[in-house]
Amino acid sequence: MTKLQRVIATSSGPLISAFFTFIFYFFLHHPINKYYLITGMFWLNFIQFVMTAIPIIYPKWWGPYGGYSSDGYKILKVSTKKGDVA
């Protein structure tokens, strides 16, 4: 894959979380949110977006994610890698 294709493929996960965060934001004060289900979905997607967009290597105490890198870290590595032509 080219550098651009890798960046697009890796950034699609955080972008989907950001998209759903944006959608749920508009329903926070809607009557459909009577039981706060939309509020929970908003915060879940917001936290998911933040934790995948920040370029970090997850610590070992994060269980199955321990030692793996976030999508933001992968995007940063691909975009700074030399030698590839986009």
Side-chain angles (χ1 to χ4, degrees):
M1 289 194 326
T2 66
K3 186 187 293 191
L4 178 63
Q5 289 172 332
R6 283 186 286 207
V7 168
I8 290 171
T10 305
S11 65
S12 61
L15 288 177
I16 291 294
S17 295
F19 173 74
F20 280 118
T21 301
F22 182 74
I23 295 298
F24 289 131
Y25 175 77
F26 289 109
F27 290 104
L28 285 178
H29 300 292
H30 193 276
I32 198 171
N33 194 20
K34 182 166 66 171
Y35 299 109
Y36 300 105
L37 178 64
I38 302 296
T39 303
M41 303 270 295
F42 167 79
W43 284 110
L44 176 74
N45 280 284
F46 178 74
I47 291 169
Q48 181 74 26
F49 167 72
V50 170
M51 295 311 298
T52 57
I54 295 174
I56 62 170
I57 296 177
Y58 298 117
K60 294 290 182 190
W61 54 268
W62 275 35
Y65 292 105
Y68 289 102
S69 58
S70 68
D71 290 336
Y73 187 84
K74 291 175 187 171
I75 293 168
L76 186 65
K77 285 303 218 184
V78 167
S79 63
T80 59
K81 187 176 179 183
K82 299 196 188 316
D84 269 348
V85 178

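Counted within 6.0 Å of OH on Y58, heavy atoms from surrounding residues, nucleotides or ligands total more than 12; the atom is thus considered enclosed.
Of all non-hydrogen atoms in K60 and G67, the two that sit nearest each other are NZ-CA, 4.0 Å. Among all heavy-atom pairs drawn from Q5 and T2, the shortest one is OE1-N, 3.0 Å.
The side chain to side chain contact (heavy atoms under 4.5 Å, CB included) search around H30 returns F27, I32, not counting sequence neighbours. Remark: L15 pairs with S11 by the side chain to side chain contact (heavy atoms under 4.5 Å, CB included) rule, at least two apart or across chains. Considering only residues two or more places apart in sequence or on other chains, Y25 meets the ring pair (Phe, Tyr, Trp, His ring centres under 6.0 Å) condition with none of them. Residues passing the side chain to side chain contact (heavy atoms under 4.5 Å, CB included) test with P59, sequence neighbours excluded: W61, W62.
In the hydrophobic clustering (ILVMFWY side chains linked at under 4.5 Å, chained through shared members), Y73 is joined by I57.
Note: the hydrophobic cluster containing I23 also contains V50 (ILVMFWY, side chain heavy atoms under 4.5 Å, direct or indirect links). Linking ILVMFWY residues whenever their side-chain heavy atoms come closer than 4.5 Å, directly or via other members, places I16 and F24 in the same cluster. Under the 4.5 Å side-chain contact rule for hydrophobic residues, M51 and F20 share a cluster. At a threshold of 4.5 Å between side-chain heavy atoms, the hydrophobic network of Ile, Leu, Val, Met, Phe, Trp and Tyr places F19 and L28 in one connected group.
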Exercise answer: donor-acceptor pairs, residues 37-48 side-chain atoms, under 3.5 Å, sequence neighbours excluded:
from, atom 1, to, atom 2, distance (Å)
T39, OG1, N33, ND2, 2.8
N45, ND2, M41, O, 2.9

